[in-house]
Structure formats: C-alpha cells, structure tokens
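Have a look at the structure below before the remarks.
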Amino acid sequence: MNKIEKVRFAPSPTGYLHIGGARTALFNYLYAKKTGGKFLVRIEDTDLARSSKESEEVIIKDLHWLGINWDEGIEVGGENGPYRSMERINLYDKFIKKLLDEGKAYYCYCSEEEIEEQRKIQRAKNEVPKYTGKCRNLTQEQIEEYKKQGRKPVIRFKVPEGKKIVVHDQIRGDVEFDSDGIGDFIIVKSDGIPVYNFAVVVDDYLMGITTVIRGEEHLSNTPRQILIYEALGFEVPKFAHVSLILGEDRSKMSKRHGSTHVDQYRNKGYLPEAIVNFLALLGWSPEGEEEIFSLSELEKMFSIDRVTKNPAVFDINKLNYINGKYIREADISRLTDLAIPFIVKAGFITEEEAVKKRPLIERMVNATREKFDYLEQITEHVKVFFEEEIEPENEEAQAMLKLEHVKDMLLLLKEKVNSVDELSSKEVKNILKSIQKETGIKGKNLFMPIRVALSGQCHGADIYEVISILGKDKVINRINYTIENLL
Ligand code: GLU
C-alpha cells in the first residue's frame, strides 16, 4: 500500500503572503485533499534579519482568509513540532554532528574578504564562482591558528565530485545537475544557525513529508538538498516545482505589475473564493472548458499531472472577470458587510448611518453589483444615491436634457411621484409605463433624460431600483434642480 501523502507549505516570514506563495499553499492543500493526505504549515524563520512576527501573522491570516486550513503545524500543533525553525535549533544539532563526524561536512574559517577574493580570481578566469574547498583538509595547527585569530567558522557541506544529481520532478520531468557546478555550500552560519537548505531537509524528513511542492525558484536548491538527504541516509521525497508567475509583459511578476500580495487584493474588495479560483488556474488546468470552481470542487478535481511547466501569466482582467462573477452570486448580506467600509471610506455615510440605513444600503449594493468587479469600485456606482448635486457627467448626458420634450416629461414625472405614498420599484415601473402611455415617448427618449436628471449618468444600474432607492424627496429635488438649472 502507498504511504499516505503528506505535503507542506513552509513560508519564510519575510514579507506578506505573495500571490505566488498563496498559489503554492493552495496547490499543496489541494494535493493533500485530492490524495486523502495531510497538509502541514511551518514557518522557516532562520533568516533572522528579514523575518518578523508581523509577517508570520499576516501570512497565517491570509491563508485562513483564503479558506486554506491545515492538519498540522503552526497554530494547530501536532506531533512533529515545534513548527518554527528557530525553535527547532536543537533538533538540527545531531544531524550536523553526524555529517561532521562522518567527514561529510567541515568547519570553514575563510573570511568574507577571502571568499570575495577567491570569487574575483574565478571570475577573471571565466569560471563560475564557487567555494574552492580551501578549508576541506585543514591541519590541527591551522585550525588552532584560525581560532587564535578569533575567527568564527561556518560549517560547509562537502559536495561529492563528479556526481550527477537528478531531480525527478513531477511537473518538469527529470532535471539533471552536475555536482561539480556546486561548490561546498554553507549549512551552518558562523552564528550557529543552520541555513534554509539544511534545515528544510531535516524538517521535511522529521515531519514525514512525502512530496515537496514549491515554486520553481527553489529548483536550483533541490540538488543541494538531495545531497544532504543522501548524506544523512534519508529517503528523498518526491518533488514538484511549480512554474513562475509572470506579469503580462512576461517578466517575473513584481510590484511594478500592480498588486502582488494577497492582502492588497483583500483590501480592494476581492472575494477569497475568487482569488482561490483564479490562483488554481495559474498553472493548473481543468479538463473541460468550465473555469469557475469553488474550493471544495477544486479539492476533488486537482491533479498535479495537469500542472503545466510553462510559466503562468497573471491576467488581471481574468481575475476581475472571475471576481465579478462571484460578486454577482454572493449572499447580499455578506456583500453589504464587505461593501460598507468602502462606502464609509468614500465619505458618503458614517458607520452609524450605515447601521441605521442597512436595508437601503443592501438595496444599493444589490442594484449596482452587476456594474463592478471588486468592491473598491462600488463607490463610483453608489455615489448617485448620496451626492447632493447632480450634474450631467458628459456631453452625451447634457444633450439628453436638451431634447424638447424633457421639461414636460419631468414635470409629469414629478406630479406622479408626488401622488404616490411610497416609491417602490414596482411603483416606479408603473409610473414610467403610464408616462409612456400618456405621452407616446418611449425607449431611450423616455429613460435617458430621466436617468440623467436623477443621476447625471446616461447608463447605470436598473433605473426602477435607482429611482426607488433615491426616494421621493431626492427625486423631486433633482427634478426641480434640473428644470431650473440644466435645461
Ligand atoms: N521558506 C521557503 C520560501 O519561503 C520555502 C522553501 C520550500 O518550500 O522548501 O520560499
């Protein structure tokens, strides 16, 4: 019987959750779900200078927000903890000692300046810079001398010579590396802290990870890690390196392509289920034409065989399209909760007013949700309900008010609005129908001038709902203002 699969996401808390990181987390999560395996999250914080607690917290918060939960690891615990590298320092010691004892690693006393000097010489000879192995066979006297000088050693892994290292990658096939291209690399820094390439191997081994799914940027680390697995006598896990995410100009996605972090999308009012759906399609493709999937659907469908080795291009229009779809289908109460902070921020209402006028705001959100892709955009569409003064938005709108029949039509509308108790959407429909009947004006000539007079715009949300939400007072005021000032 096959072993139960166990995968992990191991972010370094050196920044917020990047879109690429979120995709890696998602693919691991989906892989675990699909294979009936386990998903673990741990924090790789050995880079002390760049790691922060804040970053760790945001990463965890963003994962939860996306609906990506884990069976073991940080926060949830488990039998292989602790789940932060820096709390595992003691666990690494015995494996380092083993490598040292077996002559598979050694202390190196070269200073930064000496290493730089070696690199310069290699570059001058057109060689790829790598550690020369100078400290591989130091004598006891040399070691004593260095110690006397107060030098603090690093520990380097002794890379075997002339060895082919093959990464059997589930996405890219076999990728071959030559050990001669890899210099003896540092596994423990002079402050005694193991580097990522070492800690990751010990952690993956001790935590029972069967498949390592991570970004392509780590592919060049993998041969080093395989050498450590072999040197320690550990079984090498399976690997799958997911391709880079590129911006639309096909260069690696970065800040200049726009928002690159999950929290930036949350803050703009994207929905987590849309982000998840979009991320799943960044490199993975479903079998049919359909592209809209919930997380639980993806859990059943995902397969690493359908992850491409071609780079994925981040297409913001596609994300907006997907998000718009989810916005249109979202529960209206939830959507209103999410929309209110944007409406408050725009200065249209206070938080207290939002509570009092909740039913009306819900109607505004519902009436306009066809018109925007993410919630930050809602303010442009709901402003007609709040602004005191309405002016035609452009020449086309102005022209609509200049039509000969407009004044009489607006007067008639005012009369009819005045005569009803409450301006429900259905009532508005009746009123407009009766105006059409009585005057013979219809279609664009009927709707557009009215819309412009009441909202300043030629196009927008459902006109009956717009007029109904505005309510009698605003409608009459705007008609009066238009007749007095704009015709
Ligand atoms: N800590 C690494 C990173 O954040 C992850 C490495 C791995 O998955 O092995 O890029």
Side-chain angles (χ1 to χ4, degrees), residues 7-11 15-34 39 41 59 62-68 169-173 211-219 239-327 373-374:
V7 291
R8 82 322 187 254
F9 177 54
Y16 290 177
L17 183 62
H18 192 273
I19 285 292
R23 182 193 54 173
T24 300
L26 177 65
F27 282 16
N28 275 285
Y29 169 89
L30 294 176
Y31 185 91
K33 290 286 174 201
K34 179 65 193 286
F39 177 44
V41 173
I59 291 171
D62 286 347
L63 289 174
H64 287 318
W65 180 71
L66 290 170
I68 299 176
D169 192 282
Q170 310 237 31
I171 296 169
R172 334 187 87 74
T211 303
V212 171
I213 305 170
R214 61 185 170 200
E216 185 186 355
E217 65 275 17
H218 285 291
L219 183 59
F239 289 101
H241 291 90
V242 187
S243 296
L244 294 179
I245 300 175
L246 305 182
E248 270 164 78
D249 60 357
R250 306 225 144 221
S251 68
K252 193 177 169 197
M253 192 173 160
S254 69
K255 267 191 228 143
R256 71 195 163 79
H257 293 108
S259 303
T260 49
H261 292 102
V262 170
D263 71 310
Q264 292 171 309
Y265 288 95
R266 184 182 49 234
N267 294 340
K268 282 189 183 168
Y270 284 83
L271 301 182
E273 57 270 41
I275 302 274
V276 158
N277 193 152
F278 174 72
L279 289 176
L281 301 173
L282 278 181
W284 170 79
S285 54
E287 271 172 44
E289 295 294 307
E290 180 58 37
E291 291 205 304
I292 301 297
F293 303 110
S294 67
L295 185 60
S296 59
E297 285 168 328
L298 291 166
E299 288 171 16
K300 296 185 199 95
M301 299 165 67
F302 184 79
S303 126
I304 206 88
D305 303 336
R306 298 193 64 86
V307 175
T308 173
K309 62 178 171 193
N310 300 323
V313 175
F314 188 99
D315 177 356
I316 187 72
N317 294 325
K318 183 162 179 178
L319 173 58
N320 286 344
Y321 165 78
I322 292 175
N323 203 61
K325 266 195 163 294
Y326 282 95
I327 292 248
D373 291 327
Y374 53 94

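Heavy atoms only: backbone and side chains are in, while hydrogens, waters and symmetry mates are out. Because the structure is a prediction, the values reported are computed rather than measured.
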Q. Can you list every salt bridge (Lys or Arg N to Asp or Glu O under 4.0 Å) pair that touches residues 242-263, not counting sequence neighbours?
A.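 Listed by first then second residue: Asp249-Arg256.
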Q. Under the salt bridge (Lys or Arg N to Asp or Glu O under 4.0 Å) rule, what pairs show up with a residue in residues 305-317, not counting sequence neighbours?
A. none
Q: Determine whether more than 12 heavy atoms belonging to other residues, nucleotides or ligands lie under 6.0 Å from atom NZ of Lys325.
A: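 Open.
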Q. Do other residues, nucleotides or ligands put more than 12 heavy atoms under 6.0 Å from the CD atom of Glu287?
A. no
Are the side chain of [X] and the backbone N or O of [Y] linked by a donor-acceptor pair below 3.5 Å?
| X | Y | answer |
| --- | --- | --- |
| Asn277 | Phe293 | yes |
| His257 | Ser254 | yes |
| Glu273 | Ser294 | no |

Q) Going by atom types only, do Tyr265 and Asn323 share a side-chain donor-acceptor pair under 3.5 Å? A) no
Q. With no hydrogens and no angle check, do the side chains of Tyr270 and Asn320 hold a donor and an acceptor under 3.5 Å apart?
A. yes
Determine whether [X] and [Y] make a side-chain contact, defined as any pair of heavy atoms from C-beta on separated by less than 4.5 Å.
| X | Y | value |
| --- | --- | --- |
| Leu26 | Leu66 | no |
| Ile327 | Asp373 | no |
| Ile304 | Thr211 | no |
| Phe239 | Arg172 | no |
| Val212 | His241 | no |

If every non-hydrogen atom of [X] is compared with every non-hydrogen atom of [Y], which pair is closest and at what distance?
| X | Y | result |
| --- | --- | --- |
| Leu63 | Ala25 | CD2-CB, 3.6 Å |
| Ala22 | Leu279 | CB-CD1, 3.7 Å |
| Thr24 | Gly215 | OG1-N, 4.1 Å |
| Gly15 | Ile59 | O-CD1, 3.6 Å |
| Ala312 | Gly283 | CB-N, 3.9 Å |
| Met253 | Ser259 | CE-O, 3.4 Å |

I need the [X] [atom1] to [Y] [atom2] distance, nearest 0.5 Å.
| X | Y | atom1 | atom2 | value |
| --- | --- | --- | --- | --- |
| Ile322 | Leu281 | CD1 | CG | 5.5 Å |
| Tyr16 | Asp62 | OH | CG | 9.5 Å |
| Tyr326 | Ile292 | OH | CD1 | 5.0 Å |
| Lys33 | Lys300 | NZ | NZ | 11.0 Å |
| Glu299 | Leu30 | CD | CG | 6.5 Å |
| Phe302 | Asn28 | CZ | CG | 8.5 Å |

Q: Test side chain to side chain contact (heavy atoms under 4.5 Å, CB included) on Ile19 and Leu282 and set out the steps.
A: CA-CA 10 Å; Ile19 285 292; Leu282 278 181; 4.3 Å; yes
Q: Report yes if the distance between the aromatic ring centroids of Phe314 and Phe278 is under 6.0 Å, otherwise no.
A: yes
Q) With a 6.0 Å cut-off on ring centres, are Phe9 and Phe39 close enough? A)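 They do not qualify: ring centres at least 6.0 Å apart.
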Q) By salt bridge (charged side-chain N to carboxylate O under 4.0 Å, His left out), which residues pair with Glu291, not counting sequence neighbours? A) Lys318
